[in-house]
Amino acid sequence: MRLPLLGPMSLSGFEHPWFFLFLLVIAALVALYVAMQFARQRRILRFANMELLESVAPKRPNKWRHLSAILLIASLVLLTIAMAGPTNDVRIPRNRAVVMLTIDVSQSMRATDVEPSRLAAAQEAAKQFADQLTPGINLGLIAYAGTASVLVSPTTNREATKNAIDKLQLADRTATGEAIFTSLQAIATVGAVIGGGDAPPPARIVLMSDGKETVPSNPDNPKGAFTAARTAKDQGVPISTVSFGTPYGYVEINGQRQPVPVDDEMLRKIAELSGGSSYTASSLQQLKEVFTSLQDQIGYETIKGDASTGWLRLGALVLAVAALVALLINRRLPG
């Protein structure tokens, strides 16, 4: 159950843990209080006439008389936690980052195993991604088949990106490695002019494709997809791959049905080599869900936030209750 005064109770560390040494002082106060109670009891038993005491004060001591002291100790513990500087994980929108949306427009994207076609579904989901992405992120667009072209350099202008997505055109062959290298170049170019920090802005490539690389035939060649993925890893740019389609896709070429099954394995390997994540989708709805998940990961960053306010409030409240209980029950402040 969540306490309204504290908010989320999950803590990820303390800024000043040495304040917990004050708990030793609190423990000493508890020991002193207990010792004083025993000493007081011994004095009463030593000097009091028990028969006279029973006749004058027949009632047993109030069992609530220690409540104010207990509350005082509890408040000191809560205030100690607050002084230790508890932190929690806070998600904030990114305002200084670059994302390259890199889309395969090879002929296999004509397949209609995903309605109305792989390309049309990809366009719809990509535009949703552009709309949902945190406004401060610079989003670029690359289309690739046998070659790769930068259609939109990284920008916060989402309309430019969506207009370019609408105009995607199919072409022959699939040069995935060149697409990754082109994406890295676009990231490096915009990273050199984006201010706001000593280091280059964080960047990521979102690569969507349905098939294996055909140019070159070996992905480990200097311009191959695996080589490009390793280069992305070296440059600190993870690649999130989205393999889109089904094993049953086909296209008509010169009147002949040509199977174009989705190649999940190659895209999974690209993501692994680059330090990114891989996703699969076989329908428009699944693709939209993937892009929503990507937006949630890319659009926000997690930082350490101050979580001491709730503990301070609760400690102060318990301290006030301790004082009130002492006045109502013990007719004096705890001490």
Side-chain angles (χ1 to χ4, degrees), residues 91-105 109 114 116-145 147-171 179-197 200-210 232 236-244 267 271 274 276-277 279 281 283-303:
R91 295 177 71 250
I92 62 173
R94 292 185 188 274
N95 290 316
R96 184 177 176 269
V98 180
V99 175
M100 292 304 302
L101 181 57
T102 306
I103 300 179
D104 178 2
V105 292
M109 293 290 283
V114 179
S117 71
R118 292 179 180 178
L119 180 60
Q123 288 172 305
E124 182 175 341
K127 287 191 292 184
Q128 172 187 289
F129 177 70
D131 279 332
Q132 292 181 342
L133 195 61
T134 304
I137 290 181
N138 294 277
L139 177 63
L141 177 67
I142 287 179
Y144 76 96
T147 60
S149 301
V150 179
L151 302 183
V152 179
S153 295
T155 176
T156 56
N157 183 352
R158 299 292 185 257
E159 290 304 317
T161 303
K162 291 191 292 182
N163 290 336
I165 291 172
D166 281 331
K167 297 175 182 178
L168 292 177
Q169 298 292 323
L170 295 169
I180 296 173
F181 280 122
T182 303
S183 298
L184 292 174
Q185 182 59 47
I187 289 171
T189 300
V190 73
V193 299
I194 292 180
R204 183 178 302 212
I205 296 171
V206 177
L207 175 69
M208 184 168 63
S209 177
D210 65 348
V237 181
I239 303 174
S240 296
T241 61
V242 183
S243 55
F244 183 48
L267 294 176
S274 71
S277 304
Y279 302 86
S283 68
L284 174 58
Q285 181 59 36
Q286 288 181 0
L287 186 60
K288 287 184 175 182
E289 291 173 357
V290 166
F291 273 118
T292 297
S293 176
L294 283 170
Q295 186 278 333
D296 191 55
Q297 295 176 30
I298 297 172
Y300 296 85
E301 62 180 323
T302 301
I303 63 172

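On a predicted model such as this, the values are computed, not experimentally measured, just so you know. Residue numbers count from 1 along this sequence.
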query: Under the side-chain contact (heavy atoms from CB on, under 4.5 Å) criterion, do I165 and L101 qualify, and how do the steps go?
result: CA-CA 10 Å; I165 291 172; L101 181 57; 4.3 Å; yes
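- The shortest non-hydrogen separation linking S274 to A232 is CB-CB, 4.3 Å.
- Once rounded to the nearest 0.5 Å, the distance linking CD of Q286 with OH of Y279 reads 14.5 Å.
- Closest non-hydrogen pair, S183 versus M100, comes out as O-CG, 3.8 Å.
- For the salt bridge (charged side-chain N to carboxylate O under 4.0 Å, His left out) test, residues two or more places apart in sequence or in another chain that qualify with D210 are R118.
- Between the CD atom of Q128 and the OG1 atom of T292 there is a distance of 4.5 Å, given to the nearest 0.5 Å.
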task: Start with the C-alpha gap between V242 and L294, add the side-chain angles, then the distance that decides, and say whether side-chain contact (heavy atoms from CB on, under 4.5 Å) holds.
output: CA-CA 10 Å; V242 183; L294 283 170; 4.0 Å; yes
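- In this structure, the side chain to side chain contact (heavy atoms under 4.5 Å, CB included) partners of S153, at least two apart in sequence or on a different chain, are V150.
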- request: Apply side-chain contact (heavy atoms from CB on, under 4.5 Å) to V105 and Y144, showing your working.
  value: CA-CA 6 Å; V105 292; Y144 76 96; 5.8 Å; no
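- Atom CG of L119 is separated from atom CD of Q123 by 4.0 Å, given to the nearest 0.5 angstrom.
- When all heavy atoms of A179 and A148 are compared, the closest pair comes out as CA-CB, 3.7 Å.
- Residues that satisfy the side chain to side chain donor-acceptor pair (under 3.5 Å) test with T161, not counting sequence neighbours, are absent from this structure.
- One finds the CD atom of Q295 at 5.0 Å from the OG1 atom of T134 (value rounded to the nearest 0.5 Å).
- Residues satisfying the side chain to side chain contact (heavy atoms under 4.5 Å, CB included) criterion with S149, sequence neighbours excluded, are L151.
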Residue pair V152, R158: steps toward the side-chain contact (heavy atoms from CB on, under 4.5 Å) verdict: CA-CA 10 Å; V152 179; R158 299 292 185 257; over 6 Å; no
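- For the ring pair (Phe, Tyr, Trp, His ring centres under 6.0 Å) test, residues two or more places apart in sequence or in another chain that qualify with F291 are F129.
- Here the CG-CE distance, from L168 to M109, works out to 8.5 Å after rounding to the nearest 0.5 Å.
- For S293, the side chain to side chain donor-acceptor pair (under 3.5 Å) partners two or more places apart in sequence, or in a different chain, are Q297.
- Across L284 and A121, no two heavy atoms sit closer than the pair CD1-O, 3.4 Å.
- In plain terms, the two heavy atoms of P154 and A186 that are nearest each other are CG-O, 4.2 Å.
- Not counting sequence neighbours, T156 has no partner by the side chain to side chain donor-acceptor pair (under 3.5 Å) test.
- Considering only residues two or more places apart in sequence or on other chains, K162 meets the salt bridge (charged side-chain N to carboxylate O under 4.0 Å, His left out) condition with D131, E159.
- E289 meets the side chain to side chain contact (heavy atoms under 4.5 Å, CB included) test with Q285; sequence neighbours excluded.
- Put simply, CD1 on I187 and OG1 on T182 are 11.0 Å apart, with the number rounded to the nearest 0.5 Å.
- Shown here are the side chain to side chain contact (heavy atoms under 4.5 Å, CB included) partners of T241, two or more places apart in sequence or in another chain: L207, I239, L267, I270, A271, S278.
- Partners of E124 under the side chain to side chain donor-acceptor pair (under 3.5 Å) rule, at least two apart in sequence or in another chain, are K288.
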